[in-house]
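In what follows, a structure is listed as structure tokens, so that the remarks can point back to it.
Residue numbers start from 1 in every chain, and the chains themselves are labelled A, B, ... in the order their sequence lines are given, proteins ahead of strands. In what follows, every heavy atom counts, from backbone to side chain, and hydrogens, waters and symmetry copies are set aside.
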There are 2 protein chains.
Amino acid sequence: MSTRPDRSKPTREVVLDALETLLLEGGSSAATLEAVAAAAGVSKGGLLYHFGSKEALYQGFLDRLLVESRAEADGTLTAPEGVVAAYLDVSSVATDPSTRSVLAALRLAGVQEVDVEGALVESFEYWYEVIARRIDDPVLARLVQLVGDGLYLHALIGSVQHDEDEQVIARVVALVAEHEAEQG
Amino acid sequence: MSTRPDRSKPTREVVLDALETLLLEGGSSAATLEAVAAAAGVSKGGLLYHFGSKEALYQGFLDRLLVESRAEADGTLTAPEGVVAAYLDVSSVATDPSTRSVLAALRLAGVQEVDVEGALVESFEYWYEVIARRIDDPVLARLVQLVGDGLYLHALIGSVQHDEDEQVIARVVALVAEHEAEQG
DNA sequence: GTCTATAATCGGATAGAC
DNA sequence: GTCTATCCGATTATAGAC
């Protein structure tokens with residue numbers, strides 16, 4: 001990939017997209033400045049004009065992740081299937097744009113240049129608040145999140161979806177519906 | 001750390017312990033041969049006598065991980081608190097030796113030298129089989145695992161334990177007990 | 001805003017002494 | 001079985017032309 005994928009997008013965004021793809025494919029060690037530049041269709045020098053260092057590049061990625069995931073979480077508040085089903089669906093579909101960002105960030109976890117863990121904690125915390133806004137029992141809300149995060153973990157290791165996963169989602173949704181019926 | 005931590009253990013094990021610690025602290029990029037050797041209290045040459053390459057070192061780590069996690073899973077079959085509580089406890093305690101290995105392996109996910117994901121999938125699959133041996137409803141068994149894996153994910157990003165987590169575990173245990181009572 | 005060329009450093013791996 | 005010395009390729013970053 002030596003030609004620039006999309007010229008309508010700003011270069012910054014194209015570079016971050018390239019970084020995301022490389023992180024998903026080969027982890028943090030595959031995401032060298034040269035490789036990212038090549039995948040984005042720019043030169044190393046061109047990349048370094050937009051992000052002055054590897055640290056700045058990583059930070060730019062985390063900043064975008066937070067903006068994206070907050071928007072995604074907010075969006076589910078008005079989702080027809082409800083927040084619960086929406087979160088569990090998002091978590092289990094590794095091709096979802098928002099999920100891709102989170103999985104890429106998880107592959108970045110542990111690097112010294114930036115606080116990846118802090119950004120991820122912030123993102124997950126925001127999701128919890130959104131879920132808890134719809135389920136008044138905090139324990140149940142947390143259970144919903146943990147099931148979703150379990151699905152995230154399995155997406156991270158590329159595990160094939162269990163036959164049971166769909167039924168687990170249905171079961172959790174039912175659990176929430178049951179709770180809501182009790183409350184009135 | 002330039003002195004060898006424990007001379008009673010075989011050097012191979014000391015080296016793998018050092019690798020594990022470095023992976024947890026700084027991700028895969030921090031686990032250079034030089035750094036691992038230093039943390040283990042041997043020279044680079046000394047390390048390379050036991051593991052001929054970085055690939056061999058990583059593979060040795062994954063091999064040990066599988067042996068350890070199978071033993072851990074088998075051990076819970078006879079645990080007094082039951083498999084369910086045992087898995088959820090293990091998943092949430094980041095200092096547990098077995099959990100440390102899994103978290104370190106997760107930080108290694110994405111490297112090209114070895115099939116980290118494959119090893120992790122195998123480990124999680126084994127755990128599922130152990131859990132499913134005690135809970136005859138496969139959907140419920142999978143739900144238990146996903147909650148535990150959600151806890152793993154939060155341990156991976158160093159997220160502080162939610163106040164609700166203990167109650168979530170209790171709730172899941174109750175869910176399983178309820179199911180068993182129905183079956184008889 | 002994007003490029004090429006190059007400097008400086010680091011990481012993996014080999015050879016051979018002890 | 002462990003060490004030191006060394007080579008080579010890869011990676012980050014800078015300088016300066018276009």
Figure out the [atom1]/[atom2] separation between [X] and [N], and round it to whole Å.
{"X": "B:Leu57", "N": "C:dA13", "atom1": "CG", "atom2": "P", "answer": "10 Å"}
{"X": "A:Tyr49", "N": "D:dA17", "atom1": "OH", "atom2": "P", "answer": "18 Å"}
{"X": "A:Gln112", "N": "C:dC10", "atom1": "CD", "atom2": "P", "answer": "13 Å"}
{"X": "A:Glu34", "N": "C:dT4", "atom1": "CD", "atom2": "P", "answer": "11 Å"}
{"X": "A:Phe51", "N": "C:dT2", "atom1": "CZ", "atom2": "P", "answer": "12 Å"}
{"X": "B:Lys9", "N": "D:dG1", "atom1": "NZ", "atom2": "C1'", "answer": "20 Å"}

Below 30° counts as parallel, above 60° as perpendicular, anything between as tilted: where do the rings of A:Trp127 and A:Tyr87 land?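 The rings of A:Trp127 and A:Tyr87 sit tilted, inter-plane angle from 30° to 60°.
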
Which sits closer to the 5' end of DNA chain C, B:Glu55 or A:Thr11, going by the nucleotide each is nearest to?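 Going by which nucleotide is closer to the 5' end, it is A:Thr11.
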
Identify whether any heavy atom of A:Thr32 sits under 4.0 Å from a base atom; if not, whether one sits that close to sugar-phosphate; answer base, sugar-phosphate or nothing.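 Sugar-phosphate, no base atom in range.
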
Students often get this wrong, so: under 4.0 angstrom with heavy atoms, is A:Leu47 touching a base, only sugar-phosphate, or nothing?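 No contact.
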
Are a donor atom and an acceptor atom from the side chains of B:Glu166 and B:Ser92 found within less than 3.5 Å of each other?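 B:Glu166 vs B:Ser92: no donor-acceptor pair found between side chains.
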
Go through [options] for me and flag the one nearest to the [X] side chain.
{"X": "A:Val42", "options": "D:dT2, C:dC3, C:dA13", "answer": "C:dC3"}
{"X": "A:Leu48", "options": "D:dT14, C:dG1, C:dG11", "answer": "D:dT14"}
{"X": "B:His50", "options": "C:dC3, D:dT2, D:dT11", "answer": "D:dT2"}
{"X": "A:Leu33", "options": "D:dT12, D:dT2, C:dT4", "answer": "D:dT12"}
{"X": "A:Lys54", "options": "D:dT12, C:dT2, C:dA13", "answer": "D:dT12"}

Is there a donor and acceptor pair closer than 3.5 Å between the side chain of B:Lys44 and the base of C:dG12?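 Answer is yes: a donor-acceptor pair is held.
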
A:Gln161/A:Leu151 under side chain to side chain contact (heavy atoms under 4.5 Å, CB included): CA gap, chis, key distance, verdict: CA-CA 9 Å; A:Gln161 283 261 74; A:Leu151 291 169; 4.2 Å; yes

Can you spot which of A:Val147, A:Val168, A:Val144, A:Asp149 makes a side chain to side chain contact (heavy atoms under 4.5 Å, CB included) with B:Val147?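 That would be A:Val147.
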
B:Glu129 atom CD: more than 12 heavy-atom contacts under 6.0 Å: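 Enclosed: over 12 neighbouring heavy atoms sit under 6.0 Å from CD of B:Glu129.
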
